[in-house]
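For reference, the structure discussed in these notes is given below.
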Amino acid sequence: MSSLAQAKPLASPAVQIDFLNSDDLIKFETKLESSALYPLVSSDIDIFQVNLGKMCNQVCKHCHVDAGPDRKEIMTKETMQLCLDALDSCNISTVDLTGGAPEMNPNFRWFIEELSQRGKHIIVRCNLTIILANNKYHDLPDFFAKHKVEVVSSLPHFSAKRTDSQRGKGVFEKSIEALQMLNAIGYGKADSELRLNLVYNPSGAFLPDDQKGLENEFKRRLKNNFDIDFNELFAITNLPISRFLEYLVDTEKYEDYMQELIDAYNPEAAKGVMCRNTISIGWDGFLYDCDFNQMLDLKVNTASQHIRDFNAEDLHSREIIVNQHCFGCTAGSGSSCGGTTT
């Protein structure tokens with residue numbers, strides 16, 4: 001059950017923001033100023049990231065979306081059409097579809113087909129278990145392959161114990177089966193154009209290890225144990241929002257974790273944060289600088305804040321909305337939806 005359904009205080013974006021700013025820790029804006037990066041401004045938009053809804057077949061402990069089967073927020077076909085209209089008005093080439101489980105949106109396949117007809121590079125953030133959740137999803141690997149969709153899938157660890165502890169009992173076994181199904185039609189193979197990337201995020205209040213080292217270890221373990229291949233592994237830092245923030249507070253690790261993020265602040269990582277080349281569209285059509293700002297209801301700092309009024313020129317060089325959670329994206333080697341930024 002989601003935190004929202006349980007009426008937990010930190011399910012509220014406003015309460016989260018108040019909490020993040022309730023201590024005496026150094027502010028993110030101050031760190032940016034010390035790096036001559038404040039205000040942080042966007043560059044050209046290369047990635048159009050669309051949240052198709054918060055409904056999901058899983059309830060992961062660290063989910064920053066607070067997604068789950070009880071969440072009913074779903075992007076309508078009308079809003080999807082507005083997204084297509086916006087894409088037709090500019091030259092953005094990459095569309096990144098996320099959720100929840102984006103596949104659970106009833107118009108998911110129609111949207112992919114429309115994007116494919118427009119020649120867009122399509123990324124789907126698939127939790128893998130959705131492929132096995134219902135007969136109607138079993139052909140997703142073939143559908144993805146038909147439209148040359150890049151599949152990006154979360155796999156917290158190459159062991160069942162670590163994965164299931166974060167994502168739920170039985171998730172690892174189903175994830176392995178889904179990865180094998182994707183491999184069987186060419187995904188993740190060195191000689192294939194069908195890309196399969198994995199996402200790793202730590203199971204606790206610590207920063208991820210070196211991304212390349214993790215990738216090599218995952219490749220070796222998954223190949224030896226399950227004959228699974230994949231292209232790249234993205235190491236993503238857990239940001240202190242939503243369910244992970246609840247975890248930090250409940251375990252009394254919040255201040256130590258925030259201090260670890262602050263101490264690991266890297267100006268080079270700050271220069272490459274994903275919000276500078278990405279626009280995030282919420283399930284209801286509102287615009288955000290990134291997926292994390294979306295979950296905190298921090299809309300873009302422009303006159304037009306909805307996809308119906310999309311104007312790429314207005315969004316270019318806009319001032320990015322930042323807050324304390326942004327330390328997660330600038331710690332160490334940096335963190336983005338595509339892994340490290342340095």
Side-chain angles (χ1 to χ4, degrees), residues 28-29 31-32 35-52 64-65 83-98 102 115 118-125 149-152 195 197 199 211 231-237 239 241 265-282 285-296 298-307 309-323 325-342:
F28 186 70
E29 292 92 332
K31 279 290 191 179
L32 287 179
S35 308
L37 289 172
Y38 187 78
L40 191 67
V41 296
S42 68
S43 56
D44 286 336
I45 302 171
D46 298 324
I47 300 172
F48 196 86
Q49 189 173 68
V50 187
N51 186 299
L52 295 184
H64 70 281
V65 182
C83 290
L84 295 171
D85 294 343
L87 288 165
D88 289 341
S89 72
C90 62
N91 60 359
I92 299 173
S93 60
T94 297
V95 181
D96 187 344
L97 304 181
T98 184
L115 292 170
R118 287 165 168 79
K120 302 300 181 183
H121 173 60
I122 306 166
I123 299 171
V124 170
R125 297 189 179 267
V149 171
E150 177 181 335
V151 178
V152 177
R195 295 194 63 78
N197 299 319
V199 173
Q211 180 170 282
N231 296 106
E232 294 181 81
L233 180 135
F234 303 148
I236 297 182
T237 301
L239 266 66
I241 66 173
Y265 172 80
N266 180 352
E268 292 304 310
K271 291 178 184 177
V273 285
M274 61 184 175
C275 52
R276 303 191 75 179
N277 72 340
T278 300
I279 192 70
S280 174
I281 300 90
F286 282 100
L287 306 178
Y288 304 85
D289 296 308
C290 71
D291 191 48
F292 303 110
N293 277 10
Q294 182 184 148
M295 300 313 148
L296 292 174
L298 297 173
K299 298 179 178 67
V300 291
N301 184 29
T302 60
S304 300
Q305 296 184 323
H306 196 275
I307 192 65
D309 304 311
F310 182 84
N311 186 310
E313 190 172 324
D314 287 345
L315 293 166
H316 177 67
S317 298
R318 71 188 184 281
E319 184 176 329
I320 303 295
I321 301 296
V322 298
N323 211 294
H325 64 291
C326 300
F327 276 116
C329 290
T330 59
S333 297
S335 180
S336 75
C337 287
T340 59
T341 58
T342 59

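Note that this is a predicted model, so its numbers are computed, not measured.
Here Q49 contributes atom CD and I281 contributes atom CD1; the two are 8.0 Å apart, rounded to the nearest 0.5 Å. Between the SG atom of C83 and the CZ atom of F48 there is a distance of 4.5 Å, given to the nearest 0.5 Å. Interatomic distance, T278 OG1 to I45 CD1, rounded to the nearest 0.5 Å: 8.5 Å. For the atom pair C290 SG and R276 CZ, the distance stands at 13.5 Å (nearest 0.5 Å). Once rounded to the nearest 0.5 Å, the distance linking CG of N277 with OG of S42 reads 9.5 Å. From C90, atom SG reaches atom CG of D85 across 11.0 Å, with rounding to the nearest 0.5 Å.
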Discussion item. For F327 and T237: C-alpha separation, side-chain torsions, deciding distance, then whether side-chain contact (heavy atoms from CB on, under 4.5 Å) applies.
Written reply: CA-CA 10 Å; F327 276 116; T237 301; over 6 Å; no
Worksheet item: Should C329 and L239 be marked as a side-chain contact (heavy atoms from CB on, under 4.5 Å) after you check the CA-CA gap, both sets of side-chain angles, and the distance that decides it?
Response: CA-CA 8 Å; C329 290; L239 266 66; 4.0 Å; yes
Practice prompt. Test side-chain contact (heavy atoms from CB on, under 4.5 Å) on L40 and V273 and set out the steps.
Written response: CA-CA 10 Å; L40 191 67; V273 285; 3.8 Å; yes
Item to complete: Any chance you could lay out the side-chain contact (heavy atoms from CB on, under 4.5 Å) test for F310 and L315, step after step, and finish with the verdict?
Response: CA-CA 8 Å; F310 182 84; L315 293 166; 3.4 Å; yes
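Taking each heavy atom of T340 and S333 in turn, the nearest pair found is CB-O, 3.5 Å. Taking all atoms of both residues into account, the shortest heavy-atom contact from L37 to A270 is CD1-CB, 3.6 Å. In terms of heavy atoms, G328 sits closest to S335 at O-CB, 3.7 Å.
Of the listed residues (N301, I279, L287), just one forms a side chain to side chain contact (heavy atoms under 4.5 Å, CB included) with R318, and that residue is I279.
Residues satisfying the side-chain hydrogen bond (donor to acceptor under 3.5 Å, both in side chains) test with Q305, not counting sequence neighbours, are none. Residues satisfying the side chain to side chain contact (heavy atoms under 4.5 Å, CB included) test with L115, not counting sequence neighbours, are L84, L87, V95, L97, F111, K120, I122.
A donor-acceptor pair under 3.5 Å is formed between the side chain of S336 and the backbone N or O of G338. Side-chain atoms of N293 come within 3.5 Å of backbone atoms of I321 as a donor-acceptor pair (strictly under, hydrogens ignored). Not one N or O on the side chain of D309 forms a donor-acceptor pair closer than 3.5 Å with the backbone of S304.
A heavy-atom distance below 4.5 Å is not found between the side chains of N266 and T330. Looking only at side-chain heavy atoms (C-beta outward), Q211 and E232 stay at 4.5 Å or farther from each other. You'll find the side chain of N51 reaches within 4.5 Å of the side chain of Q294, heavy atoms only.
Other residues, nucleotides and ligands contribute only 12 or fewer heavy atoms inside 6.0 Å of the CG atom of N91.
Using cut-offs of 30° and 60° on the angle between ring planes, the pair H64 and F292 is tilted.
A cation-pi geometry, defined here as NZ or CZ lying under 6.0 Å from the six-membered ring centre and within 45° of its normal, holds between K299 and F286.
If you check the side chains of E268 and T342, you find no donor sitting under 3.5 Å from an acceptor.
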